[in-house]
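A note on names: the letters A, B, ... follow the listed sequences, proteins ahead of strands, and every chain is numbered from 1.
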There are 2 protein chains.
Amino acid sequence: MVELNERAQFLLKALTERYIREGQPVGSRTLARDAGLTLSPATIRNVMADLEDLGLVSSPHTSSGRIPTVLGYRVFVDTLLSVRPLDDAVVEKLKENLDIRHDSKNLVESVSSLLSDVTRLAGIVTLPKRENAALQRVEFLPLSGKKVLAILVINDKEVRNSILHTEREYSPAELQQYSNFLNEHFAGKTLNAVRSMLLRELRETREHLNRMMATALDMADQVLGEAEQGSGDYVLAGQTNLMEFQELCNVTTLKQLFEAFNEKSHILHLLDQCVENQGVQIFIGEESGYQMLDECSLVTAPYSVNGKVVGVLGVIGPTRMAYERVIPIVDVTARLFSAALNPRD
Amino acid sequence: MVELNERAQFLLKALTERYIREGQPVGSRTLARDAGLTLSPATIRNVMADLEDLGLVSSPHTSSGRIPTVLGYRVFVDTLLSVRPLDDAVVEKLKENLDIRHDSKNLVESVSSLLSDVTRLAGIVTLPKRENAALQRVEFLPLSGKKVLAILVINDKEVRNSILHTEREYSPAELQQYSNFLNEHFAGKTLNAVRSMLLRELRETREHLNRMMATALDMADQVLGEAEQGSGDYVLAGQTNLMEFQELCNVTTLKQLFEAFNEKSHILHLLDQCVENQGVQIFIGEESGYQMLDECSLVTAPYSVNGKVVGVLGVIGPTRMAYERVIPIVDVTARLFSAALNPRD
DNA sequence: TTTAGCACTCCCGCCGCCAGAGTGCTAATT
DNA sequence: AATTAGCACTCTGGCGGCGGGAGTGCTAAA
């Protein structure tokens, strides 16, 4: 990347900010007034021509103002952006709404709509991965017929139950024995660890195992299987906010976008890429590699439990979004959400 | 309503069918060819003028063909419609996808997307009301600290748990006592009955009650409270299908619509009105009374458990929808869904 | 009662026009 | 050498007029 002199940087910044605010291509005259510099439009035009050569701005047609290109946004975001600190009011609102009392599914939903509310864009939050969650407790309850209710206490915020269809009836006492067995052996281990231990047990010692243990293992494995299905999903909120933006307002674009949201796999793949990065990550327009997001940007931050990243949250909006506002919001929300998820007391 | 002679009826039917198929105003010439009658366009025009006077059709402008009015659709649906029996293939698909093994929340979701798939419209299914569900069983498990996990077994498909924040720790044995007490007294009663019994007990005998019972009642009441919050909600699917239709394809209409879906309260109110009616119910355009649905129709049918209506399902689409196909689909789906929800075996 | 004929209406796409905004280039100015 | 004024040029977008097409209502004939 060629170095930009200070003035060029300043003008690119001013132009981008103006365009983000107004949504209209910015002409030299306007920019001259807007930037506060005492420069004539003609000078600005020269600079603009340079920026255009560098691929940082472009004009929709011969005689219209300039708009930032994806590259222009990139430079803007990476080197020119002055992130302003968050309003206390906003921080308060975020904190208020991150009530710890909810279970984590509800929490995810409320964070998602919180993000969309505060940014007026679409909020997105992945469900926390549970692989690394410790298994606190297992219980079995008999239901009518051959059904058994299995309860998996993962932590103080998350409980999961599923109904098992078994081959015969079990007495309460029997079930109690099974769950005792499982609790003794596996409580406190992560789901993954439990699973692999189960598999080994099954393979190595099946024949010596008494039937009780074998059944308990079967059951527990079934439940674990279900527990993991939920992961790899996300909760989206405020899609309708996207309809406010001119640039997304043609029906075909919207349709593609909404269908991508429904499809989920693409978006998930994209979000996966944000897990590795520690802080806020931004995809601008085509950078995402997905055509339906060409006109959108994605601002994300991972969140974690016990120091392990377990999910990603963020917002989706038009490339022309108020990054300097959105970025700190996403950042702080991720932190607060992490804090809310982390077991304390 | 003035009686229509047979020919007028036939032509209204032909016109409506044609318009539903093509989406374009239908002119006299076209209709003459389409209807298969040996009538000249001029004759058709006379009939059309009559239908227009009756408010059954209208023309968007002086010299364009006619389209059905809401009233026209009404007559069409109520008296002219020839509902064709469902394709076996479709019925099969419906049956296949209504697997009993899911819990009811999942089932609701899959039915909703099933409806939207088959009709290519938006599917909507309310969550089943639980008021009349019998309480099968209550269990309490101690969690860490002062938290207690309460499990409410409602039926073989539905289990609900919530974490209670109590004032002190409880031993497992203690909790066992509580749940035994509750199970003895309330098992098999409906949630509503349980709740009112609880209230009476609390009022009349609080002072004589030993602390154990009081606590148990408190807990159960908390859980019941949560259990009922979920009701009055619905699951929507295939909203994007609505973007296929020309008449809904301007962004403002779409936005209103989608916001109404998010808001839920209006739609729920509308769906409530369908509970009373036994069979399929149809709101056409403005009939719904909600402006954002002016260009939409809603086709619904209630579903029931143990002979009691507990919810409503249906589809939302443009007024110009293929009623003769949609109606039986909604009807059959409601029946199959009821069947799937009803406890058997 | 039905139909042919006809004048009329309205929509829609097309074209040309014009004002407005903004550009690039050149030559003058600092 | 950098900046600026001036100017010719270009593109958009809105407006009005025009003509074809589709369809109507009415009247008079069958």
Problem set entry | Electrostatic pair B:Arg120:B:Glu244 at N-O distance under 4.0 angstrom | no
Exercise. Is B:Glu17 salt-bridged to B:Arg21, going by a charged N under 4.0 Å from an acidic O?
Worked result: no
Exercise. Over how many whole Å does the gap from A:Leu51 atom CG to C:dT23 atom P extend?
Worked result: 12 Å
Exercise. Parallel under 30°, tilted from 30 to 60°, perpendicular over 60°: which one fits the rings of A:Tyr323 and A:Phe76?
Worked result: perpendicular
Exercise. Between the two end axes of the helix from C:dT1-D:dA30 to C:dT30-D:dA1, each built from 5 base pairs, what angle do you get to the nearest 10°?
Worked result: 20°
For this session: May I have the distance from B:Gln24 (atom CD) to D:dG23 (atom P), rounded to whole angstrom?
Result: 10 Å
Exercise. Do B:Thr253 and B:Asn250 have a side chain donor and acceptor closer than 3.5 Å?
Worked result: yes
Problem set entry | Under-4.0 Å side-chain N/O to phosphate OP1/OP2 contact, B:Arg29 with D:dT24 | no
Exercise. Taking CE from A:Met48 and P from C:dT23, how many angstroms apart are they, rounded to a whole number?
Worked result: 8 Å
For this session: Just grab all the side-chain hydrogen bond (donor to acceptor under 3.5 Å, both in side chains) pairs involving residues 47-59 of chain B, residues at least two apart or on different chains.
Result: B:Glu52-B:Arg66
Seminar exercise, completed: Closest non-hydrogen contact found for A:Ile316 with A:Leu121 is O-CB, 3.5 Å
For this session: Grab the two heavy atoms, one from B:Ile284 and one from B:Val70, that are nearest each other, plus how far apart they are.
Result: O-CG1, 3.6 Å
Exercise. Roughly how many Å is it from CG in B:Leu31 to P in C:dT3, rounded to a whole number?
Worked result: 14 Å
For this session: Indicate for each nucleotide in nucleotides 1-15 of chain D, in 5' to 3' sequence, whether protein heavy atoms under 4.0 Å reach the base (B), only the sugar-phosphate (S), or nothing (-).
Result: --SBBB---BBS---
For this session: May I have the distance from A:Tyr19 (atom OH) to C:dG22 (atom C1'), rounded to whole angstrom?
Result: 16 Å
Exercise. If every non-hydrogen atom of A:Pro302 is compared with every non-hydrogen atom of A:Gly279, which pair is closest and at what distance?
Worked result: CD-O, 3.3 Å
Exercise. In whole angstroms, how far is the C1' atom of C:dA21 from the CZ atom of A:Arg66?
Worked result: 13 Å
